[in-house]
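Since the model is a prediction, treat every value here as computed from it, not as a measurement. This chain uses plain numbering: 1 for the first residue, then up along the sequence.
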Amino acid sequence: MKSGYKKIVLIVVLLWQVLLLAGCDYYVSEQPAQQAPLFYNRDSRGRADTIGKLGTYSISIPAGVIDGWARYMGDPGDFADPKIKARYQRPPESYDLPIESFGFQYRITDGDVYTSFRKTEEDYRRDNETLIPYGKPFPWAGVIIYGEYDAATPLNFNFTVQNEFKLAKEITHFDYIQQEQPLYGLTVYRANNGIDPETGEPWKSDGNAKDILLKKDQAGNIKTYIKCEFIQHKNFCNHMFYNDNWHIQVWISYNRSYLPQWQEMEGNIIKILDSWRVGREGKLLGKQIGKA
C-alpha cells in the first residue's frame with residue numbers, strides 16, 4: 001500500500017516538473033527579442049553624435065556641430081503650450097527617426113563647419129572679434145536644413161516667388177523688373193528697377209525692396225531663391241535652395257560679398273551632408289566633415 005502511494009507521489013512530482021519546464025519554455029518564447037544596443041559614432045572626447053533620418057538618408061551629425069539642437073518631426077514648437085511640451089514623449093532615438101530641422105555654422109572660405117572643441121571654435125571666435133567690429137566681411141554663414149516629407153509639396157519656389165511679386169504690387173505698389181544681365185549665373189529682379197516710386201530716386205531703404213536672384217532647373221522650376229540687401233553698410237543675403245536627391249530645403253545667411261560663391265556653397269553643404277551618411281546600423285559611409 002505504501003509503495004503504491006509512493007509511486008503516485010512520484011508520478012505527480014514528475015508531472016509537476018514537466019509542467020514547470022513547459023511553462024518556462026512558453027514564458028521564454030513569449031518574451032520579445034532583446035534588441036542590440038543602438039550604435040553611436042563618437043568624437044575624440046567621447047561625445048555621441050546626433051542621429052536620425054534627414055529627408056532621404058540616415059545621418060550621424062558630429063557632436064558639437066549643431067547650433068542649438070535638432071528638432072524631430074512631431075516635436076512641439078518653441079511656442080507650444082507648456083502642458084503639451086510636458087506631456088510629449090519623443091519616440092526612441094534611431095537612424096530612421098525623421099529630423100525636421102537643425103542648424104550649423106559653415107565657413108565659406110574653405111567649406112568647413114564650426115565644431116566645439118575643435119580649431120574652428122577658436123577661428124570663429126577670432127573672426128567675430130577681429131572682423132565684425134571693423135565692418136569686414138564675416139566668412140561664416142548660418143545654415144538651417146529642413147527635411148521635406150510631404151510628397152505633395154513641390155520642391156521648388158515657384159509659388160513663393162510668384163506670391164512675392166504679387167504682394168509687392170498689391171501692398172507696396174511696385175513691380176519687380178527682370179534685369180537684362182544675369183549676375184553670377186542668376187536671373188536678377190530689382191524692385192521698380194532700383195527706383196523708389198514715391199520719390200523717383202534710388203531706394204534709400206530696401207526693407208521691402210530687396211534684390212531677388214533666381215536659378216531655375218531645366219524644367220523651368222525655381223530651385224534657388226536668394227534675397228539680398230543692397231544699400232546697407234553691411235549687406236546680407238538670405239539664400240534658399242532645394243535638393244531633390246536629399247529631399248531637403250536649405251537656408252543660408254551670409255554677407256553679400258560672398259554671393260559670387262553661391263553655387264560652391266550649395267555644393268559644399270551637400271558634400272557635408274553626404275559625409276554624415278550612415279548605413280542601417282549607424283556605420284559611417286565616409287569620413288565625417290566637422291568631427292572633433
Side-chain angles (χ1 to χ4, degrees), residues 32-43 45-106 113-118 120-121 124-125 128 140-155 157 159-160 163 225 227 236 238-243 246-254 269-270 272-273 275-278 280-282 284 288-292:
Q34 290 288 330
Q35 291 186 344
L38 193 61
F39 172 81
Y40 286 91
N41 295 289
R42 298 178 181 273
D43 67 5
R45 303 175 67 88
R47 297 181 299 175
D49 287 3
T50 297
I51 66 172
K53 190 167 188 177
L54 177 65
T56 308
Y57 300 113
S58 295
I59 61 173
S60 185
I61 307 169
V65 167
I66 293 179
D67 187 2
W69 58 86
R71 183 185 299 280
Y72 293 84
M73 295 297 291
D75 284 358
D78 293 336
F79 303 104
D81 187 326
K83 293 180 181 179
I84 294 176
K85 288 184 176 182
R87 290 195 302 268
Y88 177 71
Q89 290 187 337
R90 179 186 292 165
E93 288 190 354
S94 78
Y95 289 97
D96 291 320
L97 189 61
I99 297 173
E100 179 182 301
S101 63
F102 66 93
F104 61 92
Q105 294 292 324
Y106 161 79
V113 299
Y114 170 98
T115 312
S116 61
F117 297 105
R118 195 164 70 101
T120 50
E121 183 177 19
Y124 185 85
R125 187 183 299 114
N128 261 297
W140 296 85
V143 178
I144 305 177
I145 314 286
Y146 295 91
E148 297 288 345
Y149 302 98
D150 186 353
T153 301
L155 299 182
F157 297 103
F159 174 79
T160 302
N163 194 54
Y225 170 37
K227 294 180 70 175
F236 284 87
N238 289 318
H239 174 167
M240 295 167 279
F241 73 92
Y242 279 105
N243 183 275
W246 274 83
H247 228 262
I248 57 173
Q249 183 182 153
V250 181
W251 289 29
I252 324 171
S253 179
Y254 50 84
I269 287 171
I270 297 304
I272 290 165
L273 296 178
S275 80
W276 297 344
R277 285 184 56 192
V278 293
R280 290 191 60 82
E281 295 179 354
L284 291 165
Q288 283 176 309
I289 294 174
K291 186 168 187 173

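For the pairing with W246, the side chain to side chain contact (heavy atoms under 4.5 Å, CB included) check across I59, I145, L155 returns one residue only, I59.
Looking at heavy atoms from C-beta onward, F39 lies out of side-chain contact with E281 at the 4.5 angstrom threshold. Put simply, the side chain of I248 reaches to within 4.5 Å of the side chain of L54, judged on heavy atoms. Side-chain atoms of F241 and I252, non-hydrogen and from C-beta on, do get closer than 4.5 Å to each other. Side chains of V113 and R118 form a contact here, defined as non-hydrogen atoms less than 4.5 Å apart. Using a 4.5 Å heavy-atom cutoff, the side chains of L38 and I51 are in contact. Considering only heavy atoms from C-beta on, T115 stays 4.5 Å or farther from D43 through its side chain.
Residues forming a ring pair (Phe, Tyr, Trp, His ring centres under 6.0 Å) with W251 (at least two apart in sequence, or on another chain): Y146. With sequence neighbours left out, the side-chain hydrogen bond (donor to acceptor under 3.5 Å, both in side chains) criterion links S60 to N41, D49. Scanning for side-chain contact (heavy atoms from CB on, under 4.5 Å) contacts around Y88 gives D75, P76, R90, P91, with sequence neighbours left out. Every ring pair (Phe, Tyr, Trp, His ring centres under 6.0 Å) that Y254 has, sequence neighbours left out, goes to H239. Remark: Y114 engages Y124 in a ring pair (Phe, Tyr, Trp, His ring centres under 6.0 Å) (not counting sequence neighbours). Here F104 pairs with W276 under the ring pair (Phe, Tyr, Trp, His ring centres under 6.0 Å) rule; sequence neighbours left out.
How far CH2 of W69 is from OG1 of T50: 12.5 Å, rounded to the nearest 0.5 Å. In this structure, L284 CG and K291 NZ are separated by 6.0 Å, a value rounded to the nearest 0.5 Å.
Residues E100 and Y72 bring no donor and acceptor atom of their side chains to less than 3.5 Å of each other.
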